[in-house]
Asker: 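Attaching a single structure in structure tokens format; questions to follow.
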Amino acid sequence: MKIRYLGDSALVLFYEGAESERDIRQLQRDYYSLREQAPDGISDIVLCYNSIGVYYNPQMITPDNVVQYIRARLAGGTKKTGKPNIISIPVYYGGRYGPDLSKLAEYLNMTEEEIIRYHSQKTYTVWGIGFLPGFPYMGKLPPELVVPRKTTPAPKVAAGSVAVAGFQTGIYPFDSPGGWHVIGWTPFKMFDLERPELCLLKPGDKVNFTVAERHTI
Amino acid sequence: MPVAKVLEPGFLTTVQDLGRYGYRHQGVPVSGGVDPWALRTANMLVGNSPGDAALEITLQGPALLFLRDCIVAVTGADMELHLSGHKVPMWESFFCSAGDILSFGYRREGCRSYLAISGGIDVPVVLGSRSTLLTAGFGGLAGRRLKKGDLIKTVRRSLEITQVGNKLPGDQRPVYPSKISVKVIRGINSDRFSKREYAKLFESPFEVTGRFDRMGCCLEGQNTIISNSAATMESYPVVPGSIQVLPSGNLIVLLNDSQSTGGYPQIACVISGEVWKIGQAVPGNKIVFEETDINTAHEILNMKGKVFSNVRKESAVRFYKRTEKHCYEINLQNCPEKGNDI
């Protein structure tokens with residue numbers, strides 16, 4: 001593991017080469033372990049696909065002390081997390097709910113139904129939350145569905161949009177510009193200030209997409 | 001009773017404090033004033049805590065009608081201020097009485113001004129902060145920018161007349177030149193650039209483009225910088241100040257409302273004591289990057305805190321302002337119309 005300065009108020013732990021399910025579980029365990037007893041002066045700890053960001057206030061703690069905390073905490077071994085939550089998310093695919101599905105089908109040389117089948121067949125792992133409050137980065141997509149992001153982001157993607165880019169899939173919690181290909185929509189709220197748990201999903205959760213019938217709404 | 005009513009909202013005016021910490025793992029940006037030093041100073045001038053909520057005013061100022069007496073200070077981008085038709089100075093606290101109208105005229109330099117009101121602006125605290133997050137529609141005044149007819153309230157009813165006439169000494173005020181020198185630390189993804197491409201960051205200035213908001217500021221260089229990593233790079237943590245290289249070869253410097261993770265390679269990062277310089281840049285300004293190390297970055301941050309807390313009281317030109325109820329003595333220096341009785 002390498003540690004690098006992210007500006008003068010954060011450090012990033014790189015887990016390069018972390019690819020397997022096992023590596024990713026270890027990364028998640030380290031993340032939860034670091035969160036547990038963070039000293040004053042460390043304000044945020046953020047999990048990404050193969051890295052962890054540790055944010056600190058340089059007027060309260062030195063980067064050396066942050067590194068010391070990280071090393072000590074991770075050297076102690078991290079305890080196993082419980083069984084992951086499995087969340088089923090209903091998705092209305094295609095049509096006005098998934099405006100990019102037909103173009104994507106053309107690009108991938110598949111039918112829309114094949115894309116829907118590939119996307120809804122797999123169980124995904126939540127790697128991290130970012131981009132917008134509650135936006136889950138999930139993967140891995142089946143290799144058949146891997147596409148680069150749009151070259152020009154769409155000016156408005158609707159809240160609830162289920163989208164794919166690279167080897168990841170995600171759900172837009174708010175209306176926003178977006179560069180991912182929108183293939184469907186879910187009525188589930190990804191972020192809600194009224195809930196005790198603001199985000200529907202957290203790192204380590206498992207997610208299934210189920211095909212919802214269009215005539216039900 | 002509200003302290004003021006918004007007659008004109010200006011180009012983009014939002015309620016901001018020093019930000020929302022502890023929620024980045026849920027994708028919630030820190031938000032807060034893009035120029036936190038100017039925001040803190042405005043608060044200190046009117047006798048507030050440095051972290052009270054204030055108005056962040058972008059490019060073009062609002063017009064406010066005061067509904068009760070209060071003390072106000074405006075800092076940051078240099079704009080022409082008028083209180084009921086009379087010029088009033090920036091970086092200095094002044095008294096506003098019920099019925100006064102504060103309006104903003106021509107912007108001379110800088111991008112964002114901060115207006116603090118004695119007692120601190122009151123909006124509901126969301127996740128520990130009063131800052132507006134426009135992208136998610138929460139915080140501040142109903143999660144949105146100010147609009148005509150909005151009423152502004154304060155947390156406390158505070159009117160300590162001794163706080164009128166506080167000022168930040170002229171030699172300690174920041175300047176907002178059109179050519180801006182900004183210190184950076186090597187980025188977490190700098191290994192995705194050849195030595196040649198990395199060096200381009202420091203060789204010539206970058207121009208601020210029209211694509212700038214609270215999330216980030218896009219810059220264009222004479223030469224584009226090309227990374228040797230794939231377009232679909234995995235996301236990494238970012239901070240306000242992270243300099244990402246876009247596939248086009250142009251740069252984006254992230255600011256306070258940026259996401260907590262980003263997928264474009266980060267070539268460098270603006271030190272936290274100087275992110276405000278990017279926040280005060282307007283389209284057409286030139287930015288020159290200079291590499292520094294972490295110790296220098298922390299020294300600059302500490303020094304900045306000291307300079308900006310050096311608010312002091314200076315008596316100079318005096319004039320009186322009579323309201324129905326009170327007769328106050330007010331200090332106003334740097335007032336172009338000296339000794340002008342209202």
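Note on naming: letters A, B, ... go to the chains in the order of the sequence lines (proteins, then strands), and numbering restarts at 1 for each one. Keep in mind that the numbers below use all heavy atoms, side chains included, and drop hydrogens, waters and symmetry copies.
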Asker: For A/R195, is the CZ atom crowded, meaning more than 12 foreign heavy atoms sit under 6.0 Å from it?
Answerer: yes

Asker: Within a radius of less than 6.0 Å around CD of A/E16, do more than 12 heavy atoms belonging to other residues, nucleotides or ligands occur?
Answerer: yes

Asker: Can B/K183 and A/D8 be counted as an ion pair, charged N to O under 4.0 angstrom?
Answerer: no

Asker: If we define contacts as heavy-atom pairs under 4.5 Å, which of B/D293, B/D191, B/V270, B/V30 has the most with chain A?
Answerer: B/D191

Asker: Name the region of B/V238, side chain, backbone, both or neither, that has any atom closer than 4.5 Å to a heavy atom of chain A.
Answerer: backbone

Asker: Nearest 0.5 Å please: distance from the OG atom of A/S176 over to the CD atom of B/Q259.
Answerer: 10.0 Å

Asker: Evaluate ring-ring contact (aromatic ring centres under 6.0 Å, His included) for B/Y21 paired with A/Y55, printing each intermediate quantity in order.
Answerer: CA-CA 10 Å; B/Y21 289 85; A/Y55 296 74; 9.1 Å; no

Asker: Enter the distance from B/N189:CG to A/R4:CZ here, rounded to the nearest 0.5 Å.
Answerer: 7.5 Å

Asker: Taking the side chain as C-beta and beyond, is there a heavy-atom pair between B/L301 and A/S9 under 4.5 Å?
Answerer: no

Asker: Pick whichever of B/V275, B/V239, B/N295 has the most heavy-atom pairs under 4.5 Å with chain A.
Answerer: B/V239

Asker: Under 4.5 Å from any heavy atom of chain B, what part of A/I52 do you find: side chain, backbone, both or neither?
Answerer: backbone

Asker: Tell me, out of A/N50, A/T62, A/L47, who's got the most heavy-atom pairs with chain B below 4.5 Å.
Answerer: A/N50

Asker: I'd like to know if the side chain of A/D44 and the backbone of B/H25 have a donor-acceptor N/O pair within less than 3.5 Å.
Answerer: no

Asker: With a 4.5 Å limit on heavy-atom distance, are the side chains of B/T261 and A/Y49 in contact?
Answerer: no

Asker: Supply the atom-to-atom distance A/D64 CG to B/I294 CD1, rounded to the nearest 0.5 angstrom.
Answerer: 9.0 Å

Asker: Let's test your reading of the structure: which of B/A136, B/S260, B/C269, B/A297 forms the most heavy-atom pairs below 4.5 Å with chain A?
Answerer: B/A136

Asker: Can you tell me if OH on A/Y15 sees more than 12 non-hydrogen neighbours from other groups inside 6.0 Å?
Answerer: yes

Asker: Tell me, for B/S258 versus chain A, whether the close heavy atoms (under 4.5 Å) come from the side chain, the backbone, both or neither.
Answerer: neither

Asker: Heavy-atom cut-off 4.5 Å, strictly under: side chain, backbone, both or neither for A/D175 against chain B?
Answerer: backbone

Asker: Count the heavy atoms belonging to other residues, nucleotides or ligands that lie under 6.0 Å from NZ of A/K122, then report whether that count exceeds 12.
Answerer: yes

Asker: For the residue pair B/Y236 and A/F14, does the interplanar ring angle fall in the parallel (under 30°), tilted (30 to 60°) or perpendicular (over 60°) class?
Answerer: tilted

Asker: Which atoms of B/D257 are under 4.5 Å from chain A, going by heavy atoms: the side chain, the backbone, both sets, or neither?
Answerer: neither

Asker: Shortest non-hydrogen contact from B/S242 to A/L6?
Answerer: OG-CD1, 3.7 Å

Asker: Which pair of non-hydrogen atoms, one from B/Q26 and one from A/C199, has the smallest distance, and what is that distance?
Answerer: CB-SG, 3.5 Å

Asker: Does atom CZ (B/F202) have a neighbourhood of more than 12 heavy atoms from anything else shown, all under 6.0 Å?
Answerer: yes

Asker: Within this structure, what is the CD1-CD1 distance for the pair A/I3 and B/I188, rounded to the nearest 0.5 Å?
Answerer: 13.0 Å

Asker: Closest approach of A/I129 and B/G27, non-hydrogen atoms and distance?
Answerer: CG2-N, 3.8 Å

Asker: Counting only heavy atoms from other residues, nucleotides and ligands, does the tally under 6.0 Å from NZ of A/K2 exceed 12?
Answerer: yes

Asker: Find the one option among A/F131, A/W127, A/Y31 whose heavy-atom pairs under 4.5 Å with chain B are most numerous.
Answerer: A/F131

Asker: More than 12 heavy atoms of other residues, nucleotides or ligands under 6.0 Å from NZ of A/K150: is that the case?
Answerer: yes

Asker: Using heavy-atom distances under 4.5 Å, tell me whether A/I45 contacts chain B through its side chain, its backbone, both, or neither.
Answerer: backbone

